[in-house]
Amino acid sequence: MRQSANRWALAAVLAGLVTGCTLFPSPEPPRVMDFSVPEPEFRAQETQALSVRVELPYASDPINSNRILAKPNPFEFQVYDEVRWRDTIPVVIRDLLIRTLRASNGFAHVISDSNPADADWTLVSELASFHTENNDSQVKAVIELHGQMIDNRSRKTLCAESFQAREPTPGASIEQVVAAFGKAGEQLANALARWASACRRSKP
């Protein structure tokens, strides 16, 4: 009888440990940031009767993450604490490019890589930089992207170009850093839309 009582008491203690309060409360979720950019500036003079699929940009770690990155020197990455992008950096850039290309009216249709519809061309890209840098005691948001426009029928590269945008931050707060990223993203996306609009089909 005593052994049964001991077993019952042990079970009760274990149940209390499982259902009781944790000794280490969950941390508060980090702040979630997004681009805040105005309506895209570039407008194409003509709309090509083509559809373009925008692929998710390729990026290696740590750029392929949702952390807001700083690069205080050429050989080290750091992260801004308690804050992150709303999604991974490649997704944020892809969505910005889609929005800008659609607003430019350079193509009849612009779709994302998650859309199963057929497309005439595909925009593929590689994201080389997406961080802040310290240059001459001034912090700048830096974005570097290499883009290629691919003909989906022939699989040939129609156009290729590298883009870079640098935007100084007016201050050290995370709001000012994110605003600088937004301006740099706007510059890069408009330059890419202008380049894509000038790309033409290969001659047969």
Side-chain angles (χ1 to χ4, degrees), residues 27-42 54-104 112-113 122-150 157 159-199:
E28 290 294 320
R31 297 177 64 188
V32 179
M33 313 302 282
D34 194 9
F35 276 170
S36 177
V37 296
E39 195 66 22
E41 296 178 356
F42 174 71
V54 180
E55 290 284 344
L56 189 69
Y58 169 79
S60 57
D61 290 335
I63 298 174
N64 189 24
S65 72
N66 61 7
R67 302 308 301 266
I68 300 179
L69 301 171
K71 201 171 184 181
N73 54 64
F75 49 82
E76 180 184 12
F77 279 103
Q78 295 180 1
V79 298
Y80 289 86
D81 292 332
E82 300 301 322
V83 64
R84 65 176 177 86
W85 294 113
R86 63 170 175 83
D87 210 314
T88 64
I89 293 171
V91 170
V92 172
I93 287 293
R94 180 201 62 187
D95 294 349
L96 174 65
L97 295 180
I98 290 173
R99 176 175 178 265
T100 306
L101 285 171
R102 285 174 175 168
S104 73
S112 74
D113 53 351
T122 295
L123 173 64
V124 297
S125 58
E126 299 176 18
L127 192 58
S129 300
F130 198 98
H131 56 262
T132 60
E133 288 182 356
N134 267 338
N135 292 323
D136 301 325
S137 301
Q138 185 177 40
V139 177
K140 293 182 179 181
V142 179
I143 306 176
E144 296 179 343
L145 184 82
H146 178 76
Q148 289 177 269
M149 194 68 80
I150 307 296
T157 298
C159 305
E161 187 64 68
S162 294
F163 304 90
Q164 183 184 92
R166 293 175 176 267
E167 181 65 28
T169 64
S173 72
I174 190 59
E175 292 83 5
Q176 292 170 315
V177 168
V178 170
F181 271 114
K183 290 182 179 179
E186 177 191 4
Q187 295 169 22
L188 186 142
N190 278 298
L192 185 141
R194 187 176 292 107
W195 162 79
S197 178
C199 192

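- D113 and L56 get closest at one heavy-atom pair: OD2-N, 3.1 Å.
- Closest approach of L101 and V54 over heavy atoms only: CD1-CG2, 3.9 Å.
- With a 4.5 Å cut-off on side-chain heavy atoms, L145 and L97 count as touching.
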Take T122 and E55 through the test side-chain hydrogen bond (donor to acceptor under 3.5 Å, both in side chains) and record every step on the way to the result. CA-CA 7 Å; T122 295; E55 290 284 344; 5.0 Å; no

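- Going from atom CG of D34 over to atom CZ of F181 covers 13.0 Å, rounded to the nearest 0.5 Å.
- Between F35 and W85, the ring planes lie perpendicular to each other; the angle is over 60°, past the 30° to 60° tilted range.
- How far OG of S60 is from CD of E126: 9.5 Å, rounded to the nearest 0.5 Å.
- Sparse packing is recorded around OH of Y58, with 12 or fewer heavy atoms of other residues, nucleotides or ligands lying under 6.0 Å away.
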Under the side-chain contact (heavy atoms from CB on, under 4.5 Å) criterion, do K140 and T169 qualify, and how do the steps go? CA-CA 6 Å; K140 293 182 179 181; T169 64; over 6 Å; no

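- Of the charged side-chain nitrogens involved, none lies within less than 4.0 Å of a carboxylate oxygen, so that R194 and E161 do not count as a salt-bridged pair.
- Between V139 and P168, the closest side-chain pair of non-hydrogen atoms is not below 4.5 Å.
- S36 OG to E175 CD: the interatomic distance, rounded to the nearest 0.5 Å, is 12.0 Å.
- Heavy atoms only, all atoms of each residue included: N64 and P90 are closest at OD1-CG, 3.6 Å.
- With rounding to the nearest 0.5 angstrom, the OG1 atom of T157 is 3.5 Å from the CD1 atom of I150.
- In this structure, the side chains of I93 and L127 come closer than 4.5 Å at one or more pairs of heavy atoms.
- Note that NE2 of H146 is 14.0 Å distant from CD of Q164, once rounded to the nearest 0.5 Å.
- The minimum heavy-atom distance linking I143 with G185 is given by the pair CD1-N, 3.6 Å.
- By the 4.5 Å heavy-atom criterion applied to side chains, R31 and I174 are counted as neighbours.
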For a side-chain contact (heavy atoms from CB on, under 4.5 Å) check, start with the C-alpha distance between V142 and T132, then their side-chain angles and the critical distance, and finish with the verdict. CA-CA 6 Å; V142 179; T132 60; over 6 Å; no

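- Ion pairing between E133 and R166 holds under the 4.0 Å rule for side-chain N and carboxylate O.
- The minimum heavy-atom distance linking Q187 with A165 is given by the pair OE1-CB, 3.9 Å.
- Side-chain contact between V32 and R84 is present, with heavy atoms from C-beta onward closer than 4.5 Å.
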Does the side-chain contact (heavy atoms from CB on, under 4.5 Å) test come out yes or no for L123 and L192, once each step is laid out? CA-CA 10 Å; L123 173 64; L192 185 141; 3.8 Å; yes

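- A salt bridge links R86 with D95: the closest approach of a Lys/Arg side-chain nitrogen to an acidic carboxylate oxygen falls below 4.0 angstrom.
- Considering only heavy atoms from C-beta on, R94 comes within 4.5 Å of P57 through its side chain.
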What verdict does the side-chain contact (heavy atoms from CB on, under 4.5 Å) test give for F77 and H131, after you've listed the backbone C-alpha separation in whole Å, the side-chain angles of each residue and the deciding distance to 0.1 Å? CA-CA 9 Å; F77 279 103; H131 56 262; 4.0 Å; yes

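- For the atom pair OG (S104) and CD (E41), the distance works out to 13.0 Å, reported to the nearest 0.5 Å.
- Proximity of a side-chain donor or acceptor of E76 to a complementary backbone N or O of N73 within less than 3.5 Å is not detected.
- A donor-acceptor pair under 3.5 Å links the side-chain atoms of T100 to the main chain of L96, judged by distance alone.
- Summarising the geometry of N190 relative to F42, their closest heavy-atom pair is OD1-N, 3.0 Å, with the distance given to 0.1 Å.
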